[in-house]
Each structure stands twice: as structure tokens, then as C-alpha cells.
Amino acid sequence: MKIATWNVNSLKVRQQHVMDWLQQSQVDVLCLQELKLPNEKFPCAEFEAAGFKCWFAGQKTYNGVGILVRKGIAVDETNIVRNIPGFEDPQQRVIAATVEDMRIVSAYFPNGQAVGSEKFAYKMRWLDALHDWLGAEMKIHPKLALLGDYNIAPDDRDVHDPKAWEGQNLVSPEERAHFVRLVELGLTDAFRQFEQPEKLFTWWDYRMLAFRRNAGLRIDHILLSAELAAKCSACEVDKVPRKWEQPSDHAPVVATIG
DNA sequence: ATGGCTAACGCGGTTAGA
């Protein structure tokens, strides 16, 4: 079973990229972020025709998350969760579904804008709420995977220029402490379970020829509970779609379970 | 040098991303 996450930065613009990548990557579950479209505009019929069922929580213009699951794989329709239960939020950033025996969570963490800003304070509140909900969720679903755009680079290895970025939004100690708290729930960073090339990132700014210079950050992650981490045999970043015409600024991340 | 590019909204320039 291959599970993946991809911030597509507008599903309207990236629909064909997602279709092409589903075909090439042969993933079974794809978590999407930054759909940037309302639910009525989600191209469900097109994904259905390509052999995938879809669940999503969209909104106009911003945010929006979804989960695509290859047909033939069992999904429990009765316990889809949208947003963090108990955390009142008009921004659509979380959707969870039970796929076979795995709890799959697709999450678009707040960006935070700048340390100390109102948006950063919202990011901290959101992270607290996510942490508490996941703690409870993992008791019900021991096989849990949290996939998404975390907007946190957990380590200096995940930053192209750690000196320039020191203390900034996305790498600040406060954000990294939240990442550690998620890990301390019993989650493992699938990417770091395996030998990886140096300076492999998942996001590169559209500006400054950042992709060509590999001036990126690793901010998209797959965290696995112990039972899933034990069965995980690979985790890779696929940089190829970032090279396509009119790409998302994020690359997909894939984990192989089993 | 805090910009540089891209997308949404909507039709010009603002907001947001990371």
C-alpha cells in the first residue's frame, strides 16, 4: 500500500498534474492540500473515472483538503471527520478517513506568516488542538498516519540555509517543539526512518529560481504511529512533478506500507 | 535588498502563500 501527500496549490490549476501523477506513481491513497476551491467545484467525476474515490473539505479561494483512495480499497464512510473536532474554525484544514485498518489524516497546517504575528498565534492554537485530538484519535485508531503540509521544517537538515532561516517562521523553536510533541504521541517521521540524500526538500519558492538552486525546505511530512512505522518499507520525495510546466511549489511525498 | 513568483478574485490591485 502506497500512501502519499501533496500540496497542489489549487486543484483547479493542478488537476491534470494530479491525474498524471496518480498514473505514474501508482499510489493507493493521496492526501491533497490547498485545493483552493469550494466543494461543488471538486472534480470528483474525473477522479472517479480515473479509478479513485474522493472525500474532501473545501472552501472558496483558500485552504481545502482531500483524500483520494483507489477503488477496491475499503473506506469506512461512517467516520469521515472534517476539521478538528471541538476546534471552531472556518478554515478547512483537516479531513480524516479510515482506509482499511488505517486512520488517514490529511492536514494543511497554518502557515503562520511571521513569528509573533496574529497568524502565528493561530498556528500555535491550531497545533495545540491538533495534538490533543490526535492523542485521542490514536487511542481509537492505533494505526494512524498524519500526512500533509506541516509548514514546519523539523530540523536544520530540512533547511537549505539554516543560518539565514534561523528563528524564522517555519523553523522557529516554538514550531519545532510542536512537531516534537506530535512525535511524542508515538509518531515517527517516515522520511527519517530511511537513508536519504542530503538536502532533499519538499517545497521551493516560486521566486529567485529557488528550485534550480535547490533553495528549499522539507515541510511536507508523513508521520506514522508505531504499528505503521514498523511496516513502512520506504519513504520518498518525488521531485519530478516540481519540474513540470506550471507546477505546484510543493513536491509529493510517498510512503510504502508493507 | 523582505523583493523576486503564482493563484484567487475580478478586471486593477490586493491578499496570501512559505
Side-chain angles (χ1 to χ4, degrees), chain A residues 5-18 21 31-43 56-66 89-94 106-127 130 147-179 191 199-221 237 239 241-253:
Chain A
T5 181
W6 194 7
N7 178 324
V8 291
N9 185 20
S10 168
L11 185 56
K12 183 186 170 194
V13 175
R14 237 64 68 187
Q15 185 180 329
Q16 193 56 50
H17 281 197
V18 175
W21 191 72
C31 295
L32 298 170
Q33 300 87 36
E34 278 210 90
L35 305 177
K36 293 188 170 179
L37 44 74
N39 286 333
E40 59 270 24
K41 295 258 179 76
F42 193 98
F56 43 89
Q59 67 181 92
K60 194 180 173 184
T61 311
Y62 301 118
N63 309 310
V65 287
D89 192 355
Q91 303 186 32
Q92 301 300 308
R93 297 183 173 280
V94 170
S106 175
Y108 175 45
F109 290 39
N111 172 284
Q113 193 174 53
V115 177
S117 67
E118 180 44 51
K119 285 177 183 173
F120 190 84
Y122 163 70
K123 184 177 192 173
M124 297 300 111
R125 289 197 301 277
W126 189 94
L127 283 162
L130 179 76
L147 306 91
D149 175 1
Y150 285 53
N151 273 314
I152 300 172
D155 191 275
D156 278 354
R157 287 179 294 172
D158 305 315
V159 181
H160 68 97
D161 186 348
K163 262 218 165 96
W165 277 86
E166 191 176 0
Q168 300 292 309
N169 189 47
L170 311 183
V171 310
S172 73
E174 218 176 333
E175 291 160 90
R176 286 179 170 176
H178 273 287
F179 187 90
F191 183 81
K199 302 206 174 289
L200 179 50
F201 307 121
T202 66
W203 170 84
W204 302 262
D205 202 307
Y206 284 123
R207 299 167 292 187
M208 303 172 283
L209 306 172
F211 185 67
R212 216 162 73 183
R213 297 189 295 117
N214 196 32
L217 302 174
R218 191 176 72 94
I219 54 176
D220 300 85
H221 308 294
V237 176
K239 286 172 73 171
R242 188 63 177 78
K243 301 170 189 172
W244 291 346
E245 197 176 330
Q246 202 180 4
S248 168
D249 43 358
H250 294 254
V253 184

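Reminder, nothing fancy here: chain letters follow the sequence lines and each chain counts from 1.
- Partners of A:Ser10 according to the side-chain contact (heavy atoms from CB on, under 4.5 Å) rule, which considers only residues two or more places apart in sequence or in another chain, are A:Lys12, A:Val13, A:Lys36.
- With sequence neighbours excluded, no residue forms a salt bridge (charged side-chain N to carboxylate O under 4.0 Å, His left out) with A:Arg14.
- Remark: A:Asp205 pairs with A:Arg207 by the salt bridge (charged side-chain N to carboxylate O under 4.0 Å, His left out) rule, at least two apart or across chains.
- Under the rule for a salt bridge (charged side-chain N to carboxylate O under 4.0 Å, His left out), A:Asp161 has no partner lying at least two apart in sequence or in another chain.
- Heavy-atom distances under 4.0 Å link DNA chain B to A:Asp149, A:Asn151 of residues 149-156 of chain A, given in residue order.
- In terms of position along DNA chain B, the nucleotide closest to A:Gln246 lies nearer the 5' end than the nucleotide closest to the other residue of the pair A:Lys119 and A:Gln246.
- In terms of the ring pair (Phe, Tyr, Trp, His ring centres under 6.0 Å) criterion, residue partners of A:Phe211 (sequence neighbours excluded) are, by chain and number, A:Trp204.
- Contacts of A:Gln168 with the nucleic acid, taken as non-hydrogen atoms under 4.0 Å apart, are absent.
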For this session: I would like to know whether A:Phe109 and A:Leu127 meet side chain to side chain contact (heavy atoms under 4.5 Å, CB included); could you show each step before the answer?
Result: CA-CA 8 Å; A:Phe109 290 39; A:Leu127 283 162; 3.6 Å; yes
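- When the C1' atom of B:dG4 is taken as reference, atom CZ of A:Arg213 falls 10 Å away, rounded to whole Å.
- Residues of residues 201-209 of chain A having a heavy atom closer than 4.0 Å to DNA chain B, listed by number: A:Trp203, A:Tyr206, A:Arg207, A:Met208.
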Problem set entry | Working for side chain to side chain contact (heavy atoms under 4.5 Å, CB included), residues A:Glu166 and A:Asp156 | CA-CA 9 Å; A:Glu166 191 176 0; A:Asp156 278 354; over 6 Å; no
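- If you check every strand for non-hydrogen atoms under 4.0 Å, A:Asp220 touches nothing.
- Applying the side-chain contact (heavy atoms from CB on, under 4.5 Å) criterion to A:Leu209, with sequence neighbours excluded, gives A:Arg212.
- When the side-chain contact (heavy atoms from CB on, under 4.5 Å) test is applied to A:Gln59, the partners found at least two apart in sequence or on another chain are A:Tyr62, A:Asn63, A:Gln91, A:Gln92.
- When heavy atoms are screened at a 4.0 angstrom cut-off, A:Phe211 is found touching no nucleic acid atom at all.
- For the salt bridge (charged side-chain N to carboxylate O under 4.0 Å, His left out) test, no residue two or more places apart in sequence or in another chain qualifies with A:Arg242.
- By the side-chain hydrogen bond (donor to acceptor under 3.5 Å, both in side chains) test, A:Arg157 pairs with A:Asp155, sequence neighbours left out.
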Can you tabulate the close N/O pairs, meaning under 3.5 Å, that link protein atoms to atoms of nucleotides 8-11 of chain B?
from, atom 1, to, atom 2, distance (Å)
B:dA8, OP1, A:Ser10, OG, 2.6
B:dA8, O3', A:Thr61, OG1, 3.4
B:dC9, OP1, A:Thr61, OG1, 2.9

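- A:Lys123 comes within 4.0 angstrom of no nucleic acid atom, judged by non-hydrogen atoms across all strands.
- Rounded to a whole Å, the CG atom of A:Asp249 is 17 Å from the P atom of B:dA16.
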